[in-house]
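Working notes, structure below.
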Amino acid sequence: MLNLNILPQGFYLEDDVVLISKKLLGKIIVTAIDNEVTYSRIVETEAYNGSKDKACHAYLHLNTPRTRVMFKEGGRSYVYLCYGLHHLFNIVTSGENNPNAVLIRAVEPILGLEVMKLRRNQVKKQVNLTNGPGKLASALGISRELNDVKLYEAGSPIWIGEEECDHEFEIIETTRVGVEYAEEDALLPWRFYIKNNPYISKK
DNA sequence: CGAGCGATTCGC
DNA sequence: CGAATCGCTCGG
């Protein structure tokens, strides 16, 4: 398959979550869940800038049972239930007590398409497997029990790698989806995706 | 302890 | 465009 090197924890520890959001594009998510392995390429991300960002769950250092993991050191998963129905997969970044996170909004399937299709209730069009944050969590087998997983350890059920030969692509920057409640912060260009990739989520 | 709501998806 | 669906947060 792909020749992958696992991203070390240091990759996630910078303060600048916007920069990390862009650097995560093109990286590979590997899941080994319920004895099924999937590989998929990150093609769309959004940055959530901790205590200073009205769109972030940890705005004003809101530290609750749900947001607790965002206050830990970067490189862990933050998975939560959205609208009572969908699990959303985030990557915690930056140092302790700097509650930044990157929402993974879309991935391109590489390996394990059969199990993804099963988990997605046999959707007809392949593009609908993973072109949205709730869809990809479902397809990859990620649910709330996989909150606070260390993504920099190869033995984890979820980890992130990069290919030895990197691919060229152009990054589009635009506003984030579904955060109108965040007032002026909703206007920040903190959504990033790979130009022309077919798996980009719908606005 | 209950009201209000959400970083979405799907089907009508 | 509206329903589905439930855990989290907050106020009383």
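The structure displayed is predicted, hence computed values, not measured ones. Within every chain, numbering begins at 1; the chains are lettered A, B, ... in the order of the sequence lines, protein sequences first and strands thereafter. Heavy atoms only: backbone and side chains are in, while hydrogens, waters and symmetry mates are out.
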Where does the angle between the aromatic ring planes of A:H61 and A:F71 fall among parallel (under 30°), tilted (30 to 60°) and perpendicular (over 60°)?
-> tilted
Taking the six-membered ring for Trp, does A:Y48 stack with B:dA7 (centroid gap under 5.5 Å, planes within less than 30°)?
-> yes
Rounded to the nearest angstrom, tell me the gap between atom CZ in A:R176 and atom P in B:dG6.
-> 15 Å
Nearest-Å distance, OH (A:Y80) to P (B:dC5)?
-> 17 Å
Would you say the side-chain atoms of A:D34 pair up with the backbone N or O of A:E36, donor to acceptor, closer than 3.5 Å?
-> no
Using a 4.0 Å heavy-atom cut-off, write out nucleotides 1-12 of chain C from 5' to 3' as B (base contacted by protein), S (sugar-phosphate only) or - (no contact).
-> ---BBBSSSS--
Going by distance alone, is a donor N or O of one side chain under 3.5 Å from an acceptor N or O of the other, for A:K124 and A:N128?
-> no
Distance, rounded to the nearest Å, where A:R105 contributes CZ and B:dA7 contributes P = 11 Å
Apply the side-chain contact (heavy atoms from CB on, under 4.5 Å) test between A:L140 and each candidate in A:I158, A:I33, A:L146, A:T31; give the one that qualifies.
-> A:T31
Can a cation-pi geometry be assigned to A:R176 and A:Y48, taking NZ or CZ under 6.0 Å from the six-membered ring centre and within 45° of the ring axis?
-> yes
A:E184/A:K54 under side-chain contact (heavy atoms from CB on, under 4.5 Å): CA gap, chis, key distance, verdict | CA-CA 8 Å; A:E184 73 275 13; A:K54 289 184 181 175; 3.2 Å; yes
Rounded off to whole Å, could you give me the CD1-to-C1' distance for the A:I142 and B:dT8 pair?
-> 16 Å
Atom-pair distance (CZ on A:R191; C1' on B:dT8), nearest Å = 13 Å
Over how many whole Å does the gap from A:E183 atom CD to B:dA7 atom C1' extend?
-> 16 Å
Would you mind telling me which of A:I6, A:I28, A:I104, A:I91 makes a side-chain contact (heavy atoms from CB on, under 4.5 Å) with A:I160?
-> A:I91
Expressed in angstrom and rounded to an integer, what is the separation of A:K124 atom NZ from B:dG11 atom C1'?
-> 12 Å
Presence of salt bridge, A:K23 and A:E14, under 4.0 angstrom | yes
OP1 or OP2 of B:dC10 sitting under 4.0 Å from any side-chain N/O of A:K135?
-> yes
Counting distance only, does the side-chain N/O of A:T67 pair as donor-acceptor with the main-chain N or O of A:L62 below 3.5 Å?
-> yes
Using Watson-Crick and G-U wobble pairs with both distances under 3.5 Å, what is the 5'-to-3' dot-bracket string of DNA chain B, with [ ] for crossing pairs and | for pairs outside the strand?
-> ||||||.||||.
Rounded to the Å, how far apart are A:I91 CD1 and B:dA7 P?
-> 18 Å
